Undergrad: 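Let me begin by handing over the structure; questions about it come next.
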Amino acid sequence: MARVLSGVKPTGKMTLGNYLGSFRNFPKFQDDNQAYIFVADLHALTLPIDPLVLHSTTYDIVSFYLASGLDPKKTVLFRQSDIPEVGMLNAILVNYVYMGELSLMTQFKEKSAKLNQKAIGCGLFTYPVLMAADIFLYDSDIVPVGEDQRQHVELAHEIARRFNSRYGGEIIKLPKYVTPAVGKRIMSLSDPLHKMSKSDDREAQKGVIYLQDDEKTIRKKIMSAITDSGSEVKFDPAEKPGISNLLTIYGALKGMEPEEASKLFVGQNYGTFKKAVADAVMDELGPFQQRFNAFRSDESALEDLFSQGALKAREAAKPVLNRVMKAVGLR
Ligand code: TYM
C-alpha cells in the first residue's frame with residue numbers, strides 16, 4: 001500500500017485554487033493507499049501572521065478536509081505542530097541542503113521580494129527543508145500538490161537521494177509528486193497571467209474566489225472575470241488566458257479536459273459561458289460550504305480528532321526518525 005502525504009498552510013482565507021489543486025483530490029487516495037493529510041501550521045509562521053488568524057485557520061483547514069470527504073477512520077488527519085519528531089528531523093536535514101539550492105526556489109524569491117530586505121526570516125528560506133521533513137517522516141511515496149509546490153517536492157527528492165548515497169541504502173524513501181490532471185494551476189480571474197493566491201492586496205482579491213465567499217460574491221466575481229478579445233469560447237492559454245482559465249475551472253469541476261469542455265459552448269457568448277461556470281462552481285461549493293460549517297462549529301471535536309491523528313502519525317514517524325538518527329550516528 002503506497003503512503004500518500006500532503007498538507008495545506010493555515011494562512012488566511014483558502015481559495016478555489018487551493019480547493020482544485022489540493023483538498024478536492026485528497027479523498028481519492030484514502031481507499032487504496034494509506035494517506036497522511038495534515039495542517040501545516042509551523043509553515044504558516046514563515047511569514048508574519050496574526051496568532052488569532054493562525055489558530056482559527058487551523059480549524060478551518062481540517063474542516064475543509066472533512067468537508068471534502070476525508071474520513072478520519074481511513075486517513076490520518078493531524079496538525080504538524082503536534083508531531084515533535086518533525087522538528088528533530090528538520091534540525092538534522094537542514095545540514096544536507098545547500099544554501100544555493102534554497103536560494104533558487106521560486107516561492108522564496110517571490111515571497112522574500114515583497115518583504116523588507118533586512119527582515120527576511122530564516123524560516124522562509126528553509127521552508128522546503130521542513131517540507132522535506134514532513135514528506136520523509138511518514139515514508140511517503142506520493143505527494144499530491146498543485147503545480148507551485150512541484151519544485152519543493154523535487155528538492156526533497158534530491159535531498160533524499162543525497163542523504164541515501166552518503167549513508168548507504170534506502171534510509172529515506174524517495175518521494176514522487178502528483179498534480180491533478182486538470183486544475184493544478186488556477187489563475188486569478190482579474191489577472192489570468194498570475195496564479196490565484198491568498199492575497200492581502202484589495203485589487204487582487206477581486207480575482208480570487210475564496211472558499212468562504214457567499215454565492216452572490218462568487219457569481220459576481222465570475223461574471224466580471226477578465227475575458228479576452230474575440231467571442232469564441234476556446235481553450236488557448238497563450239491567446240485566451242482568461243477564457244482558458246474559466247474552462248480549466250469548469251473542466252476540473254466536471255471531470256473533463258478543458259478542450260472537451262469548450263465543445264459544450266460552441267456558438268455561445270461569453271456571458272452564457274460564464275453563467276455556466278458560476279453554476280458549476282456553486283453546485284459544488286454550495287454543499288461543500290454547508291458541510292464545512294457543520295464541522296467548523298465544533299472546535300472541541302476537531303481538537304479530539306487532532307489528538308487521535310497525532311497518535312497515529314507519531315507511530316509512523318518514530319521508526320523513520322530512528323532510522324535517520326542511527327544512520328548519521330546520533331543513536
Ligand atoms: P499552501 O497552503 O500554500 O497550498 C496548498 C495547496 O494548494 C495548491 N495551490 C494551488 N493549486 C492550483 N492552483 C492554484 N492557484 C493554487 N494555489 C495553491 C498548492 O500547490 C498546495 O498543494 N507547502 C505547502 C504545504 C506543505 C506541504 C508539505 C505539502 C507543507 N509541507 C508536505 C505537501 C507535502 C503549501 O504551499 O501549502
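Counting starts at 1 for both ligands and their atoms, in listed order. Both backbone and side-chain heavy atoms feed into the values below; hydrogens, waters and symmetry mates do not. Values in this document were obtained by computation on a predicted structure and should not be read as measured data.
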Undergrad: Indicate the ring-plane relationship of Y127 and H43, choosing parallel, tilted or perpendicular according to the 30° and 60° boundaries.
TA: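 Tilted, since the angle between the ring planes falls between 30° and 60°.
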Undergrad: Angle class for the Y167/F163 ring planes (parallel below 30°, perpendicular above 60°, tilted otherwise)?
TA: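 Rings of Y167 and F163: tilted, 30 to 60°.
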Undergrad: When you measure from atom 6 (C) of ligand 1 to every protein heavy atom, which one gives the shortest distance, and what is it?
TA: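 For atom 6 (C) of ligand 1, the nearest protein heavy atom comes out as S22 OG, 3.5 Å.
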Undergrad: Between F23 and F26, what is the ring plane arrangement, given parallel below 30°, perpendicular above 60°, and tilted in between?
TA: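 It falls in the perpendicular class, over 60°.
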Undergrad: Counting only N and O atoms by type, is there a donor-acceptor contact under 3.5 Å from the side chain of Q80 to the main-chain atoms of D41?
TA: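 Yes, because the side chain of Q80 sits within donor-acceptor range (under 3.5 Å) of the backbone of D41.
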Undergrad: Side chain of N33, backbone of F29: donor and acceptor closer than 3.5 Å?
TA: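 Looks like yes, one N/O pair under 3.5 Å.
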Undergrad: Do I186 and ligand 1 have an N or O pair less than 3.5 Å apart?
TA: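 Yes; the residue has a nitrogen or oxygen that sits under 3.5 Å from a nitrogen or oxygen of the ligand.
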Undergrad: Select one of side chain, backbone, both or neither to describe which atoms of K198 lie under 4.0 Å from any atom of ligand 1, heavy atoms only.
TA: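 The side chain, only.
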Undergrad: Considering both backbone and side-chain atoms of H152, is one of its nitrogen or oxygen atoms within less than 3.5 Å of a nitrogen or oxygen in ligand 1?
TA: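 By distance alone, the answer is no.
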Undergrad: Can you pull out the closest protein heavy atom to atom 7 (O) of ligand 1? Residue, atom name and distance to 0.1 Å, please.
TA: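 For atom 7 (O) of ligand 1, the nearest protein heavy atom is N18 ND2, 3.1 Å.
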Undergrad: If you count the atoms of ligand 1 from 1 in the order shown, which ones are under 4.0 Å from a heavy atom of K184?
TA: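 Near K184, the atoms of ligand 1 are 11 (N), 12 (C), 13 (N).
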Undergrad: Would you mind listing which atoms of ligand 1 come within a distance below 4.0 Å of any non-hydrogen atom of V143?
TA: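 Those atoms are 33 (C), 34 (C).
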Undergrad: Between S140 (side chain only) and I135 (backbone N and O only), is there a donor and an acceptor less than 3.5 Å apart?
TA: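 Yes.
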Undergrad: Between R79 and E303, does any NZ, NE, NH1 or NH2 come within less than 4.0 Å of an OD or OE carboxylate oxygen?
TA: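 Answer for the salt bridge query: yes.
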Undergrad: May I ask you to list the atoms of ligand 1 that are less than 4.0 angstrom from any heavy atom of L5?
TA: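 Atoms satisfying the 4.0 Å criterion: 32 (C), 34 (C).
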Undergrad: Please report whether the ring centroid of F295 lies less than 6.0 Å from that of Y59.
TA: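 Y59 vs F295: aromatic centres not under 6.0 Å.
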Undergrad: What protein heavy atom is closest to atom 36 (O) of ligand 1, reported as residue, atom name and distance in Å?
TA: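 The closest one turns out to be Q149 NE2, 2.9 Å.
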Undergrad: For ligand 1 and D148, I'd like to know whether there is a polar contact (N/O to N/O, distance under 3.5 Å).
TA: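 Yes.
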Undergrad: Just to confirm my output: which protein heavy-atom neighbour is closest to atom 3 (O) of ligand 1, and how far is it?
TA: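 Scanning the protein heavy atoms, the shortest distance from atom 3 (O) of ligand 1 goes to K9 NZ, 3.0 Å.
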Undergrad: With nothing but distance in play, are any N or O atoms of G17 less than 3.5 Å from an N or O of ligand 1?
TA: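 Checking ligand 1 against G17, an N or O pair does fall under 3.5 Å apart.
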Undergrad: Please determine if Q107 has a nitrogen or oxygen closer than 3.5 Å to a nitrogen or oxygen of ligand 1.
TA: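 It does not: no N or O of Q107 is found under 3.5 Å from an N or O of ligand 1.
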Undergrad: Can you check whether I243's main-chain N or O pairs, donor with acceptor, with D228's side chain at less than 3.5 Å?
TA: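 Such a contact is found between D228 side chain and I243 backbone.
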Undergrad: Does ligand 1 have any atom that is closer than 4.0 Å to a heavy atom of G183?
TA: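 G183 counts as a contact of ligand 1 under the 4.0 Å cut-off.
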Undergrad: Under 4.0 Å, counting heavy atoms only: does M187 come that close to any atom of ligand 1?
TA: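 No, M187 has no heavy atoms under 4.0 Å from ligand 1.
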Undergrad: Using a strict threshold of under 4.0 Å (side-chain N to carboxylate O), is an ion pair present between E284 and R24?
TA: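 So R24 pairs with E284 through a salt bridge.
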Undergrad: Could you tell me whether M196 and ligand 1 have an N or O pair separated by under 3.5 Å?
TA: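 N/O-N/O distance under 3.5 Å: yes.
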Undergrad: Return the closest protein heavy atom for atom 22 (O) of ligand 1 as residue, atom name and distance.
TA: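 Nearest neighbour among protein heavy atoms for atom 22 (O) of ligand 1, to 0.1 Å: G146 N, 3.0 Å.
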Undergrad: Identify, by atom number and element, the atoms of ligand 1 in contact range of V8, meaning under 4.0 Å from any of its heavy atoms.
TA: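 Checking each atom against V8, I get 2 (O), 5 (C).
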Undergrad: Begin with the C-alpha distance, continue with both residues' side-chain angles, and end with the deciding distance and a verdict on side-chain hydrogen bond (donor to acceptor under 3.5 Å, both in side chains) for Q149 and H152.
TA: CA-CA 5 Å; Q149 294 302 310; H152 290 160; 2.9 Å; yes
Undergrad: Would you please say whether a donor-acceptor pair under 3.5 Å links the side chains of Y210 and Y19?
TA: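 No - no donor-acceptor pair under 3.5 Å links their side chains.
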Undergrad: Given D141, which partner from the list R3, Q34, K173 fulfils the side chain to side chain donor-acceptor pair (under 3.5 Å) test?
TA: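 That would be K173.
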Undergrad: Nearest to atom 26 (C) of ligand 1, what protein heavy atom do you find, and at what distance?
TA: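 Checked against all protein heavy atoms, atom 26 (C) of ligand 1 sits closest to G7 O, 3.9 Å.
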Undergrad: Quick one: does ligand 1 sit under 4.0 Å from the side chain of Y138, the backbone, both or neither, non-hydrogen atoms only?
TA: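 None of Y138 does.
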Undergrad: Identify, by atom number and element, the atoms of ligand 1 in contact range of D134, meaning under 4.0 Å from any of its heavy atoms.
TA: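 Here the atoms of ligand 1 in question are 28 (C), 30 (C), 31 (N), 32 (C).
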Undergrad: Should Y127 be listed as contacting ligand 1, given a heavy-atom distance under 4.0 Å as the test?
TA: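 Contact present.
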Undergrad: Is E147 salt-bridged to R150, going by a charged N under 4.0 Å from an acidic O?
TA: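 Salt bridge: yes.
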Undergrad: Which is it for V145 and ligand 1 at heavy atoms under 4.0 Å: side chain, backbone, both or neither?
TA: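 Both of them.
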Undergrad: Look only at interatomic distance and state if S6 has a nitrogen or oxygen under 3.5 Å from any nitrogen or oxygen of ligand 1.
TA: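 Between S6 and ligand 1 (N or O atoms, distance only) the closest approach is not under 3.5 Å.
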Undergrad: Among all protein non-hydrogen atoms, which one is nearest to atom 32 (C) of ligand 1, and what is the separation to 0.1 Å?
TA: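 Protein heavy atom with the smallest distance to atom 32 (C) of ligand 1: M131 CG, 3.6 Å.
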Undergrad: Using a 4.0 Å cut-off to any heavy atom of H43, which atoms of ligand 1 qualify?
TA: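 The atoms of ligand 1 under 4.0 Å from a heavy atom of H43 are 30 (C), 31 (N).
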Undergrad: Only one of Y138, F306, Y65 clears ring pair (Phe, Tyr, Trp, His ring centres under 6.0 Å) with F78; which?
TA: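 The option that passes is Y138.
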Undergrad: Is there a donor-acceptor contact under 3.5 Å from the side chain of E85 to the main chain of L321?
TA: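 Not at all, since once roles are kept as given, no pair shorter than 3.5 Å links the two residues.
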Undergrad: Considering the heavy atoms of A40, write down every atom of ligand 1 situated less than 4.0 Å from one of them.
TA: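 Reading through ligand 1 atom by atom, the close ones are 30 (C).
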Undergrad: I want to know if ligand 1 touches K195 in the polar sense, i.e. an N/O pair below 3.5 angstrom.
TA: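 Min N/O separation from ligand 1 is not below 3.5 Å for K195.
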